[in-house]
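In what follows, chains carry the letters A, B, and so on, assigned in the order in which the sequence lines appear, proteins first and then strands, with residues in each chain numbered from 1.
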There are 2 protein chains.
Amino acid sequence: MALYASGEDYLEAILVLQRKMGAVRSVDLDRHMNFSKPSISNAVGLLKKGGFLEVDGNGSLLLTGLGREVAEQIYERHQFFTRQLIAAGVDEKLAEEDACKIEHAISEESFRKWKAELEG
Amino acid sequence: MALYASGEDYLEAILVLQRKMGAVRSVDLDRHMNFSKPSISNAVGLLKKGGFLEVDGNGSLLLTGLGREVAEQIYERHQFFTRQLIAAGVDEKLAEEDACKIEHAISEESFRKWKAELEG
DNA sequence: CCTTTTTGTTAGCTTATACTAACCTTTGGG
DNA sequence: CCCAAAGGTTAGTATAAGCTAACAAAAAGG
């Protein structure tokens, strides 16, 4: 099952929220991303079907190995682009916003090389 | 009328083709981008309606001031990201592909500042 | 215990962006 | 001069990703 920009964003959000607050349920995603409950519910269903996460008896979202891998990759990109933009003088809010879009647009290969070049 | 990633790509392609071969018709776009004729036709219609281009009696696509402005902005981003990635060791083909996606994801403000920072 | 709130799902809609199949023009060579 | 090719449009379809309205189930607390 393919993963798209949207799915990457959900996985990243789950990772971030897990680090911040331990267990993460759909409703936490709901509050963190600004999407409606049905959108979250639908996205979580797709990620489950794709093997990126599982839902336990308490409704907690658990990243699988695959899901965690993707989430960490995307989050690393997020941080890199945010740092770069802030270093260039962009204010934090905009830097985050733009990083959040760029992170889905670049290939892993380009990212690795560019990061090595700029921060290596 | 709003302009999306897709529209930006068409405008950029028109600009590039104009520079390379003078007049540009839909069929030239057709060959340059790998989309079907109806997709091109539809996109051109939307760009016309949005005031980004006009079509003359010969079917040539003429960028308006607005259209040219957008096209040049996007093309500048395209060139910047391609250069950066190539400088980081990414091969040209992938650099172009990734640049082509990143160019739509970044805000003008972030782009200006980042370009100034990296290429002074 | 019953009611309200919290949480999640279903059903159905919208929009951006692509596609194919089929059709209509215009144009240009034999 | 006619027929084929080239160029472009129409109609209908698909998919990713969001939305609202309405419902269902579970938890919480007076």
Exam field: side chain [X] to backbone [Y], donor-acceptor pair closer than 3.5 Å:
| X | Y | answer |
| --- | --- | --- |
| B:D28 | B:R25 | yes |
| B:T82 | B:H78 | yes |
| A:N58 | A:S60 | no |
| A:S26 | A:S41 | no |
| B:Q18 | B:L61 | yes |

After noting the C-alpha distance and the side-chain angles of B:H104 and B:R77, does the key distance pass the side-chain contact (heavy atoms from CB on, under 4.5 Å) rule?
-> CA-CA 9 Å; B:H104 306 293; B:R77 294 183 197 175; over 6 Å; no
Could you go over nucleotides 26-29 of chain D and give all protein N or O partners under 3.5 Å, atom names and distances?
none

What's the verdict on side-chain contact (heavy atoms from CB on, under 4.5 Å) for B:F81 and B:D98, showing C-alpha distance, side-chain angles and the deciding distance?
-> CA-CA 8 Å; B:F81 290 116; B:D98 283 357; over 6 Å; no
Dot-bracket for DNA chain C, 5' to 3', counting Watson-Crick or G-U wobble pairs under 3.5 Å, with [ ] for crossing pairs and | for inter-strand pairs?
-> ||||||||||||||||||||||||||||||
Between [N] atom [atom2] and [X] atom [atom1], what is the distance in whole Å?
| X | N | atom1 | atom2 | value |
| --- | --- | --- | --- | --- |
| B:K101 | D:dA16 | NZ | C1' | 15 Å |
| A:D9 | D:dA17 | CG | P | 10 Å |
| A:M33 | D:dA17 | CE | C1' | 12 Å |

Within a strict 4.5 Å, meaning less than it, do heavy atoms of the A:L85 and A:L94 side chains meet?
->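 The answer is no; the side chains never approach within 4.5 Å.
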Answer yes or no: is there a side-chain heavy-atom contact under 4.5 Å between A:L15 and A:E12?
->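 No - every pair of side-chain heavy atoms lies 4.5 Å or more apart.
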Pairs meeting criterion ring-ring contact (aromatic ring centres under 6.0 Å, His included) with involvement of residues 25-58 of chain B, two or more places apart =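 ring-ring contact (aromatic ring centres under 6.0 Å, His included) check on residues 25-58 of chain B returns B:Y10-B:F35.
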side-chain contact (heavy atoms from CB on, under 4.5 Å) partner of B:L53, chosen from B:L62, B:I14, B:L66 =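 Only one option passes, and that is B:I14.
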Under the side-chain contact (heavy atoms from CB on, under 4.5 Å) rule, what do B:I40 and B:V27 come out as? Steps first, then yes or no, please.
-> CA-CA 8 Å; B:I40 306 278; B:V27 70; over 6 Å; no
For DNA chain C, find the residues of residues 11-30 of chain A with a heavy-atom distance under 4.0 Å and give them by number; none if there aren't any.
->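 Hits under 4.0 Å, by residue number: A:R25, A:S26, A:V27.
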Side-chain N or O of B:S41 less than 4.0 angstrom from OP1 or OP2 on D:dG8?
->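 It does not, given that no N or O in the side chain of B:S41 lies less than 4.0 Å from OP1 or OP2 of D:dG8.
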Chain B footprint on DNA chain C, 5' to 3' - any atom under 4.0 Å from a heavy atom =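 Contact span on the strand: C:dA16 to C:dA21.
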Under 4.0 Å protein heavy-atom contact, by nucleotide of nucleotides 18-24 of chain D - B base, S sugar-phosphate only | SBBB---
Does a side-chain N-to-carboxylate-O contact under 4.0 Å join B:R19 and B:E72?
->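 Yes.
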On the 0 to 90° scale, with breaks at 30° and 60°, tag the A:F80-A:W114 ring pair as parallel, tilted or perpendicular.
->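 Correct class here is perpendicular.
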From CA spacing to verdict: side-chain contact (heavy atoms from CB on, under 4.5 Å), B:E76, B:F111 = CA-CA 10 Å; B:E76 186 188 351; B:F111 170 62; 3.8 Å; yes
